[in-house]
Trainee: 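Structure provided below as structure tokens; questions to follow.
Computed over heavy atoms, backbone and side chain alike; hydrogens, waters and symmetry mates excluded. Labels below follow one simple rule: chain letters A, B, ... track the order of the sequence lines, proteins then strands, and each chain is numbered from 1.
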Amino acid sequence: MSRYPFADVEPRWQRFWEERRVFRTPDRSDKPKYYCLDMYPYPSAAGLHVGHIEGYTATDIVSRYKRMRGFNVMHPTGWDAFGLPAEQYAVRTGVHPAKTTADNIANFRRQMKRLGLSYDWDREVNTTDPAYYRWTQWIFLKLFERGLAYVAEVPVNWCPQLGTVLANEEIVDGKSEVGGFDVVRRPMRQWVLKITAYADRLLEDLKLVDWPESTLEMQRNWIGRSVGADVDFALDGHPGHVRIFTTRPDTLFGATYMVLAPEHPLVDVVTTPAQRAAVTAYGEAATRKSDLQRAELTKEKSGVFTGGHAINPANGEKLPVWIADYVLMSYGTGAIMAVPGHDQRDWEFARAFHLPIREVVTGGNVDEAAYVDLERGVAVNSTAPDRSFSIDGLEAARAIPKITEWLASRGQGRRAVNYRLRDWLFSRQRYWGEPFPIVWVDGEPVALPEELLPVRLPETDQFRPAGTGEKPEGPLAALREWVETTDPRSGRAARRETNTMPQWAGSCWYYLRFLDPENPDRIVDPESERYWMPVDLYVGGAEHAVLHLLYARFWHKVLFDIGVVSTPEPFMKLVHQGTILGEDSQKMSKSVGNVVGPDEVVDAFGADAVRLYEMFLGPLEASKPWNTNSVEGITRFLDRVWRLYVGEDDRLHVDESEPPAAALRVLHRTIQKVTEDLEALKFNTAIAQMMVFVNEATRLEARPRPLLEPFVLLLAPFAPHLAEELWRHLGHRESLAYAAWPAFDPALVVEDSVTVAVQVNGKLRATLELPRGVAEADARAAALADERVRRFVDGAEVRKVIFVPDKLVNLVLGAR
RNA sequence: GCCGGGAUGGCGGAAUGGUAGACGCAGCGGACUUAAAAUCCGCUGGGGGAAACCCCGUGCAGGUUCGAGUCCUGCUCCCGGCACCA
């Protein structure tokens, strides 16, 4: 029995596509454009895994389909090749990360080509290539020029084992995301990007994109915009005031104490001599704690009274000032007014330290729990002592603006907006990253001129972090000849910045470089940018829902502001492919031993089978387990397709007969279904319909060309090697990559007769074959004539008939 | 705790408020074969029945509707994210 000879066919077509540069994309064209982008991979030593294949196959199918629909399709890939694993490997083995990276890239490229992915390989980019990172550095200069990159002494997450600082997002459960090492907080001089300056636009412009709701929500939460008021509380016995942020200024009369973050600068001022020792001890303990340790203690509120007091601006009351680590220095002003009656955290703290709780909003019982409902309840006990002001009787929606205006008029407060989003910690004490285009002159950072870019990563064979535990520095700091330089503008002695950029940097703008990868003079040609942007479809893992996707949007908006890009958002439609689990429904992992590798399955079943199988598994977005048995099912399908066209003698046995009408209808329904499903990215149901077609076609005695030739084109995006081979067998000289997608005849997708469901009181009792377009009266008569229906009607009055044309007759009976 | 998504046969899954289970896997039966594999054909949610057919069935409990897997209310469990953000 002949089978699809994938081992022969697939490499042959891969060579054909490569040698003829079939998927080379012109920079511009009269055709409409379609930009179809994958999240490019980090080329790990492990090679591609079956999870990568899922997303890459999906975009490949869409790209091939769009080409056949007449689009000029941009479908590139490249390598996010800076990063920790190669550097960690270098520390262990001494093998230079550039070598490791090059080897891994070669392996990834080989594996991707084996899958028949139709990338334009002439547009490949590599973030570690100086010709690429030159432009990453260029963007940094633009950020620096605009005051969006600054140096700050900030408490950072220092990972001693990795010898580097990590962003909050790179820490999972208090451990480093890479390696799972301990992380401690420590103040350090760092580069920081002012992403908070774009918080509002990053939030607002989420309206412009077609993204999964869960991802939009995660970004909104990450940005965490909240509107409220800043309120100033005078210090008792000291000049100046402490400023707090609150979203509930309407509860100001309910404040019974205040809390400063332990690191707050006013702690020293307000602390009384009697409390100083306790305050200092608490503060020192808090700064030493890692975030994990702080989080672990959330169940028990802790804190210390400073001995000092502040004055409530609303009623002149003296409020005790405490410090507690449930107030974070990094959010708002690092200080709060505590309203235990109407805030859960304050309530717990007040309970623990026997502080008074006062009700200022009706509706709950503040002795039992904080009452935080914003919708219900009105203000009480909220009148100024001189009766000049009151919000009593008002619900929160009215009370908040009223008291905010009152405070503003007295210079004691103002409306304020705060974000959870923090500025982006942008430097790493690493070797394998982009060097900063910065030199230090007299303790000030100075931008290098653009003409001197790229600042190349210097050669070394020492990859261990330099410096000491107290003053950690990256490996570059040890390279004296490189570090010591002169400021090219002033000629004065200078030291190079020895930190490098984080891995996110290169991936913030790679989608732009694909459009013009060789350009030595500009980051991207403006005309190409205007033609291709934005990305029409972006597919990648949900793990990038906030980090990469937020950082890239930020840089894009900066580039928009300086006129480099023409669209406010880079990625119009975003889809996350689901995780491919192991055969045991567990996450694939080496330690569990359930990892399935692409090479082994392509060896065993061929690229087309693996592509088709992953798409047939279920919806693209869903997580689903791998099942090798089912791959064999797909192999059977491809073999059936092969035998439909090619006989035992290995020759085409398609004939020139007229296809039967019924078979032609199945073909046209299949064209319709596959087309619609491709537009909706529903690959699994498209494949199911192709199976239906093949089952029907297999039943026929003849092998009519008018039936079988269009089907090859439908199959082509999914199983391109098999389709090209059949297309050639059918006598075509050219690749089908740009053949016109078949159209369906609307008259041929409907049957002459329809199956009408007959219900009695909503329960299915019979189905009838009736002519399409049957009139209600006729359908009703046919239904009532049916024995199976009559039995249930049994002389009862038919009170009502629901008729859905060509679908259903529902006979509703009166009570008997 | 909060936010988002989900739960359908033995398994992966399919179903604009209108015949639940398309398609595939696994299983069973048949054809071909000396035999097996491969291939082709058929059956395959549960229960009852000799059959015609009947009853039950989409996580649980209600509701809306002529009609609910689909819409609404309240739960349970699973997955992802956030986690003292004032």
Trainee: Have a look at A:V804 and say if it touches a base, only the backbone sugar-phosphate, or nothing, with a 4.0 Å heavy-atom cut-off.
Mentor: base
Trainee: Going by atom types alone, do A:S2 and A:E648 pair a side-chain donor with an acceptor below 3.5 Å?
Mentor: no
Trainee: Measure from CD1 on A:I687 to C1' on B:rC23 and round the result to the nearest Å.
Mentor: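 So the two atoms are 10 Å apart, to the nearest Å.
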Trainee: Go through B:rA26, B:rG18, B:rA20 for me and flag the one nearest to the A:I802 side chain.
Mentor: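 That would be B:rG18.
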Trainee: Using only side-chain N and O atoms of A:R420, determine if any of them is under 4.0 Å from OP1 or OP2 of B:rC2.
Mentor: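 So the side-chain polar atoms of A:R420 never come under 4.0 Å of the phosphate oxygens OP1 or OP2 of B:rC2.
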Trainee: For a quick check under 3.5 Å, do A:Y613 and A:N627 share a side-chain donor-acceptor pair by atom type?
Mentor: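 A:N627 and A:Y613 do not have a side-chain donor-acceptor pair below 3.5 Å.
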Trainee: Under a 3.5 Å threshold, yes or no: a donor from one side chain and an acceptor from the other, between A:R669 and A:Q689?
Mentor: no
Trainee: Which whole number of Å gives the distance between the C1' atom of B:rG9 and that of B:rU16?
Mentor: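 Here B:rG9 and B:rU16 have their C1' atoms 25 Å from each other.
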Trainee: Taking the P atom in each of B:rA20 and B:rG57, what is the distance between them to the nearest angstrom?
Mentor: 12 Å
Trainee: Looking only at side-chain atoms of A:T247, point me to the closest of B:rC66, B:rA86, B:rG18.
Mentor: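 From the listed options, B:rA86 comes nearest.
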Trainee: Using Watson-Crick and G-U wobble pairs whose two distances are both under 3.5 Å, how do you write the pairing of RNA chain B as dot-bracket, with | for links to another strand?
Mentor: (((((((..(((.....[....))).(((((.......))))).((((....))))..(((((..]....))))))))))))....
Trainee: Any donor-acceptor pair, under 3.5 Å, between the side chain of A:Q759 and the base of B:rG18, if you only look at N and O atoms?
Mentor: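 By the distance-only test, yes, there is a pair.
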Trainee: Touch check for A:P619, heavy atoms < 4.0 angstrom, all strands: base, sugar-phosphate only, or nothing?
Mentor: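 Contact class for A:P619: sugar-phosphate only.
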Trainee: What's A:T246 touching, base or sugar-phosphate or nothing? Going by heavy atoms closer than 4.0 Å.
Mentor: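 It contacts sugar-phosphate atoms only.
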Trainee: With a 4.0 Å cut-off on heavy atoms, is A:G633 in touch with a base, just the backbone sugar-phosphate, or nothing at all?
Mentor: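 Sugar-phosphate only.
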Trainee: For B:rG42 and A:R699 - does any side-chain N or O of the residue sit under 4.0 Å from the phosphate oxygens OP1/OP2?
Mentor: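 For A:R699, the contact criterion (side-chain N or O under 4.0 Å from OP1 or OP2 of B:rG42) is met.
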Trainee: For the P atoms, the ones on B:rG27 and on B:rU33, what distance do you get once it is rounded to whole angstrom?
Mentor: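 Here B:rG27 and B:rU33 have their P atoms 24 Å from each other.
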Trainee: In whole angstrom, what separates A:W347's CH2 from B:rG1's C1'?
Mentor: 15 Å
Trainee: Could you check A:F683 against A:F616 for ring-ring contact (aromatic ring centres under 6.0 Å, His included), going step by step and ending with a plain yes or no?
Mentor: CA-CA 7 Å; A:F683 307 110; A:F616 186 61; over 10 Å; no
Trainee: For A:T685 and A:D677, test the side chains for any donor-to-acceptor distance below 3.5 angstrom and give the result as yes or no.
Mentor: yes
Trainee: Take A:K807 and A:R248, find for each the nucleotide of RNA chain B with the closest heavy atom, and name the residue whose nucleotide sits nearer the 5' end.
Mentor: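 Nearer the 5' end of the strand: A:K807.
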Trainee: Of all the heavy-atom pairs spanning A:A397 and A:P401, show the shortest one and how long it is.
Mentor: O-CD, 3.1 Å
Trainee: May I ask you to check whether A:S226 and A:Y331 show a side-chain donor-acceptor distance below 3.5 Å?
Mentor: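 There is such a pair between these side chains.
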Trainee: Could you state the interatomic distance from OG1 (A:T246) to CD1 (A:I336), rounded to the nearest 0.5 Å?
Mentor: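 Between atom OG1 of A:T246 and atom CD1 of A:I336 there are 8.5 Å.
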Trainee: Picking from B:rG18, B:rC25, B:rG81, which would you name as closest to the side chain of A:R636?
Mentor: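 Comparing B:rG18, B:rC25, B:rG81 against the side chain of A:R636, the answer is B:rC25.
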Trainee: Check whether any side-chain N or O of A:S226 sits under 4.0 Å from OP1 or OP2 of B:rA86, and answer yes or no.
Mentor: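 Indeed, a polar side-chain atom of A:S226 lies that close.
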Trainee: Specify the separation, in whole Å, of atom NZ of A:K682 and atom C1' of B:rA15.
Mentor: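 Spelled out: NZ on A:K682 to C1' on B:rA15 is 9 Å.
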Trainee: Please state the C1' separation for the pair B:rC56 and B:rG80 - nearest whole angstrom.
Mentor: 36 Å
Trainee: Of all the choices, B:rC25, B:rG24, B:rA22, which nucleotide is nearest to the side chain of A:A688 once you look at every atom?
Mentor: B:rA22
Trainee: Does A:R3 reach a base, just sugar-phosphate, or nothing at all? Heavy atoms under 4.0 Å.
Mentor: nothing
Trainee: Would one find a side-chain N or O of A:K763 under 4.0 angstrom from OP1 or OP2 of B:rG18?
Mentor: no
Trainee: Go through the side-chain N and O atoms of A:T635 and A:Y4 and say whether any donor and acceptor fall under 3.5 Å apart.
Mentor: no
Trainee: Is there a donor and acceptor pair closer than 3.5 Å between the side chain of A:N810 and the base of B:rC66?
Mentor: yes
Trainee: If you compare every side-chain N and O of A:R643 against the phosphate oxygens of B:rC40 (OP1, OP2), does one of them come in below 4.0 Å?
Mentor: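 For B:rC40, OP1 or OP2 has a side-chain N or O of A:R643 closer than 4.0 Å.
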Trainee: What nucleotide among B:rC54, B:rG12, B:rC84 has an atom nearest to a side-chain atom of A:D325?
Mentor: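 Nearest nucleotide to the side chain: B:rC84.
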Trainee: Taking OP1 and OP2 of B:rG24, is either one under 4.0 Å from a side-chain nitrogen or oxygen of A:N695?
Mentor: yes
Trainee: Measure CD/A:E621 against C1'/B:rG13 and give the value in whole Å, please.
Mentor: 14 Å
Trainee: Taking the side chain of A:L808 as heavy atoms from C-beta outward, which of B:rA26, B:rG18, B:rC53 is closest to it?
Mentor: B:rG18
Trainee: What does A:R225 touch in the nucleic acid at a heavy-atom separation under 4.0 angstrom: a base, only the sugar-phosphate, or nothing?
Mentor: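 The answer is nothing, as A:R225 stays clear of every strand by at least 4.0 Å.
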Trainee: With nearest nucleotide decided by heavy atoms, which residue, A:E213 or A:K624, maps closer to the 5′ end of RNA chain B?
Mentor: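 Comparing both residues, the 5'-ward one is A:E213.
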Trainee: Base, sugar-phosphate alone, or nothing: which one does A:K673 contact when heavy atoms must sit under 4.0 Å apart?
Mentor: nothing
Trainee: P atom, B:rC66 versus B:rG48: distance in rounded Å?
Mentor: 36 Å
Trainee: Among B:rC82, B:rU19, B:rG24, which is the nearest nucleotide to the side chain of A:T755?
Mentor: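 Of the options given, the side chain of A:T755 lies nearest B:rU19.
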Trainee: Tell me yes or no: between the side chains of A:R422 and A:T196, is some donor less than 3.5 Å from an acceptor?
Mentor: no
Trainee: Side chain of A:R791 only, please: which of B:rC41, B:rA14, B:rC53 is the nearest?
Mentor: B:rC53
Trainee: Does A:N684 put a side-chain nitrogen or oxygen below 4.0 Å from OP1 or OP2 of B:rC23?
Mentor: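 For A:N684, the contact criterion (side-chain N or O under 4.0 Å from OP1 or OP2 of B:rC23) is not met.
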Trainee: I'd like the C1' distance from B:rG69 over to B:rU19, given in whole Å.
Mentor: 14 Å
Trainee: For A:Q672 and B:rA22, give me the distance from atom CD to atom P, rounded to whole Å.
Mentor: 21 Å
Trainee: Report the distance from atom CD of A:E348 to atom P of B:rC84, rounded to the nearest whole Å.
Mentor: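 That distance rounds to 12 Å.
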Trainee: Nearest-Å distance, CG (A:D343) to P (B:rC2)?
Mentor: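 For the pair A:D343 CG and B:rC2 P, the rounded distance is 15 Å.
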Trainee: Can you tell me the distance, in whole Å, between the CG atom of A:D786 and the P atom of B:rA52?
Mentor: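 That distance rounds to 16 Å.
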Trainee: Determine the Euclidean distance between corresponding C1' atoms of B:rG30 and B:rC78; express it in Å to zero decimal places.
Mentor: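 The same atom, C1', in both gives a distance of 43 Å.
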Trainee: Syn or anti for B:rG9, please, going by whether the chi angle lies within 90° of 0.
Mentor: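 Classified syn.
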Trainee: B:rG6 and B:rG13: how far apart are their C1' atoms, nearest whole angstrom?
Mentor: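 Here B:rG6 and B:rG13 have their C1' atoms 14 Å from each other.
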Trainee: Please pick, from B:rC25, B:rC66, B:rC23, the nucleotide with the shortest atom-to-atom distance to any side-chain atom of A:K800.
Mentor: B:rC66
Trainee: Strictly under 6.0 Å, is that where the ring centroids of A:Y257 and A:F349 end up?
Mentor: yes
